[in-house]
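Notes follow once the structure below has been shown.
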2 protein chains.
Amino acid sequence: MVPESIRRAGVPEATVGRLPLYLRALTTLHDQGITSIASEELASRSGVRSTQLRKDLSHLGSYGVRGVGYDVELLAAQIAQELGLTQEWPVVIVGMGNLGRALAAYGGFSGRGFRIVALVDDDPEVVGTLVEGLRVMTLADLAAKGPTVAIGVITTPAPAAQTVAQNLVRMGVRSILNFAPGHLNVPDGVDVRGVDLATELQILAFHEQRRLLAVSTHDPLQEGTDSEAMG
Amino acid sequence: MVPESIRRAGVPEATVGRLPLYLRALTTLHDQGITSIASEELASRSGVRSTQLRKDLSHLGSYGVRGVGYDVELLAAQIAQELGLTQEWPVVIVGMGNLGRALAAYGGFSGRGFRIVALVDDDPEVVGTLVEGLRVMTLADLAAKGPTVAIGVITTPAPAAQTVAQNLVRMGVRSILNFAPGHLNVPDGVDVRGVDLATELQILAFHEQRRLLAVSTHDPLQEGTDSEAMG
DNA sequence: ATGACTTTGTGAACGCTTGCACAAAGTCGC
DNA sequence: GCGACTTTGTGCAAGCGTTCACAAAGTCAT
Ligand SMILES: NC(=O)c1ccc[n+]([C@@H]2O[C@H](COP(=O)([O-])OP(=O)(O)OC[C@H]3O[C@@H](n4cnc5c(N)ncnc54)[C@H](O)[C@@H]3O)[C@@H](O)[C@H]2O)c1
Ligand SMILES: NC(=O)c1ccc[n+]([C@@H]2O[C@H](COP(=O)([O-])OP(=O)(O)OC[C@H]3O[C@@H](n4cnc5c(N)ncnc54)[C@H](O)[C@@H]3O)[C@@H](O)[C@H]2O)c1
């Protein structure tokens, strides 16, 4: 086996992106009372190939038993540790509009390694009100007397996002999830992930158009983005 | 130049994922009255390297002018055409909860190639009510007497998502944007894109933990996910 | 204990993506 | 017109990610 110090540094980015997928599937299995699972079955439930699953898991170490499979609980714990979910990360949501309120109301944070500890807006009508049991504050309040936060979620209109990001970075936040469209300029060492609805829809539109074009020209061009059959 | 028939089939998937980025930047530039832009500047505003931008654009053809740059309006039109945004794609949102309502209220659909033509829920309390000027219907209603839809957006709880997806596929939808956590099993030829909040946060947590670990062990391990300096 | 069987873990091959280096093709001042 | 300068478009090489093929390592029935 590879030494711990080396393998820690060497988890490929693509693998990191799939670990949450596996963890989710394992959690579901655990809830169903299943204690052991083979890579083939776990891969199928995660939407990846079994070879890829095994290669991914091999980067965290050898937690499987040949001839049997993986212990659901043990593997889940290992992935959770690798992702840093043994502690609860404090999260702030900035922008209490439609989307921000939906996220605040969403129950999927707690119990999964995250806790919303602050809600922020700059509208005087909104600041001071209670949303989901938390009092909405301004960014200045958060910096001055708010709780420490590790992750910032931005759900303001696009023009405000860059300024909000700078303020978050100034108060020590180095992980940002941005729902506003557009690219954020941040210093080195700050991690920004963007979720953009328009981008996702436009990628779907591209493939949709290509499919229609292929059919209309009787071009036997196969798409095949997912080989699983429907039940 | 490469013949049209060949280049059409050959736009790499990674490029498709970035075209919406460029289109957004170009739209902003157009709104600011800027008519021409060099790859260096456009790349910077899109958060990619200029060589990558040029390579991406080269897959759609030669629309730049050497020594000058790209005509903003022309390039935007070309990208829009490539993405299939010259027509308006009819969209249905299934699941009128917090998230579904936020999406329905979101103005970023129309004018960008998409139009919400139907809203669906299965709660008798919700079906029949008006949301954003549209009357909420059931999936059965949509199949029987609703408008044709090309893209389905799923914002139901996770356990319902698979069934909803099957129903959408049965009525001809081949592009699905899924906000519910979990993998959807769909037949070949159906395109599913998943947006999962928990996944995004967990990826951020992984990097956050790695940064903290690196600092605490005085390991000069650089992160450097974005080289742009903040203004 | 043994042999048949199952499943993992991984080296190697392959394909896709990115980044480099540079020629080609234009503009602009004079 | 012409030379200096700017910027695009692209062949090529390096790096990354996925898939294949298979040995290694276990289980299980007998
Ligand atoms: N609603 C959606 O479904 C949806 C989908 C995709 C993307 N988005 C994006 O998410 C963002 C939010 O969308 P929304 O529909 O909730 O918008 P919204 O207008 O309902 O809410 C925006 C909120 O941000 C607050 N705000 C504005 N500037 C601020 C600042 N500088 N500091 C703190 N708070 C500030 C406003 O007071 C408001 O409460 C937008 O950028 C939108 O493009 C929304
Ligand atoms: N709210 C968020 O911020 C958020 C964030 C990330 C992911 N999600 C996911 O998005 C989904 C929706 O979240 P939400 O907070 O809006 O939930 P919600 O409970 O507020 O809304 C779900 C809606 O779906 C409807 N529904 C249930 N079964 C249905 C069916 N078979 N057909 C049609 N409609 C059905 C319900 O009646 C309800 O109106 C969930 O899967 C959630 O995990 C939500």
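At whole-Å resolution of the value, CG in B/Asp71 and C1' in D/dT7 are 15 Å apart. As rounded to whole Å, 12 Å separates atom P of C/dC16 from atom CD of B/Glu13. Atoms CG (B/Leu42) and P (D/dT6) sit 20 Å apart, rounded to a whole Å. Atoms CZ (A/Arg18) and P (D/dG17) sit 9 Å apart, rounded to a whole Å. Rounding to whole angstrom units, CG of residue A/Asp56 and P of C/dG9 are separated by 12 Å. Taking atom NE2 on B/His59 and atom C1' on D/dT8, their separation rounds to 15 Å, with Å as the unit. The separation between A/Leu60 atom CG and C/dT8 atom C1' is 14 Å, rounded to whole Å. Atom CG in B/Leu53 sits roughly 14 Å away from atom C1' in C/dT18 (whole-Å rounding).
Residues forming a side-chain hydrogen bond (donor to acceptor under 3.5 Å, both in side chains) with A/Glu88 (at least two apart in sequence, or on another chain): A/Arg115. For B/Ser175, the side-chain hydrogen bond (donor to acceptor under 3.5 Å, both in side chains) test picks out A/Glu208, A/Arg211, with sequence neighbours left out. Residues satisfying the side-chain hydrogen bond (donor to acceptor under 3.5 Å, both in side chains) criterion with B/Asp56, sequence neighbours excluded, are B/Thr15, B/Arg18, B/Tyr22. A search for side-chain hydrogen bond (donor to acceptor under 3.5 Å, both in side chains) contacts involving B/Arg54 returns B/Ser39, not counting sequence neighbours. For A/Val91, the side chain to side chain contact (heavy atoms under 4.5 Å, CB included) criterion is met by A/Phe114, A/Ile151, A/Val153, not counting sequence neighbours. By the side chain to side chain contact (heavy atoms under 4.5 Å, CB included) test, B/Val68 pairs with B/Ser36, B/Val65, sequence neighbours left out. For the side chain to side chain contact (heavy atoms under 4.5 Å, CB included) test, residues two or more places apart in sequence or in another chain that qualify with A/Glu41 are A/Ile37, A/Arg45.
The backbone N or O of A/Glu82 lies less than 3.5 Å from a partner atom in the side chain of B/Gln209, making a donor-acceptor pair.
In the region residues 27-35 of chain A, proximity to DNA chain C at under 4.0 angstrom, judged on heavy atoms, holds for none of the residues.
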Taking only distance into account, with no hydrogens and no angle test, what donor-acceptor pairs under 3.5 Å do side-chain atoms of residues 23-34 of chain A form with protein atoms, sequence neighbours excluded?
| from | atom 1 | to | atom 2 | distance (Å) |
| --- | --- | --- | --- | --- |
| A/Arg24 | NH1 | B/Asp196 | OD2 | 2.4 |
| A/Thr27 | OG1 | A/Leu23 | O | 2.8 |
| A/Thr28 | OG1 | A/Arg24 | O | 3.1 |

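Here A/Tyr70 reaches the OP1 or OP2 of C/dG9: one of its side-chain N or O atoms lies under 4.0 Å away. The side chain of A/Ser39 places an N or O atom within less than 4.0 Å of a non-bridging phosphate oxygen (OP1 or OP2) of C/dT8.
Listed by first then second residue, pairs satisfying salt bridge (charged side-chain N to carboxylate O under 4.0 Å, His left out) with a partner in residues 71-80 of chain B number zero, not counting sequence neighbours.
In this structure, A/Pro12 and B/Ile37 both approach DNA chain D, and ranking their closest nucleotides by distance from the 5' end singles out B/Ile37.
Across all their heavy atoms, A/Gln162 and A/Leu184 have their closest contact at OE1-CA, 3.6 Å.
With the end axes of the helix from C/dA1-D/dT30 to C/dC30-D/dG1 each set by five pairs, the angle from one to the other reads 20° at 10° resolution.
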note = Its contact letters, B for base, S for sugar-phosphate only and - for none at protein heavy atoms under 4.0 Å, make nucleotides 19-30 of chain D read B----BBSS---
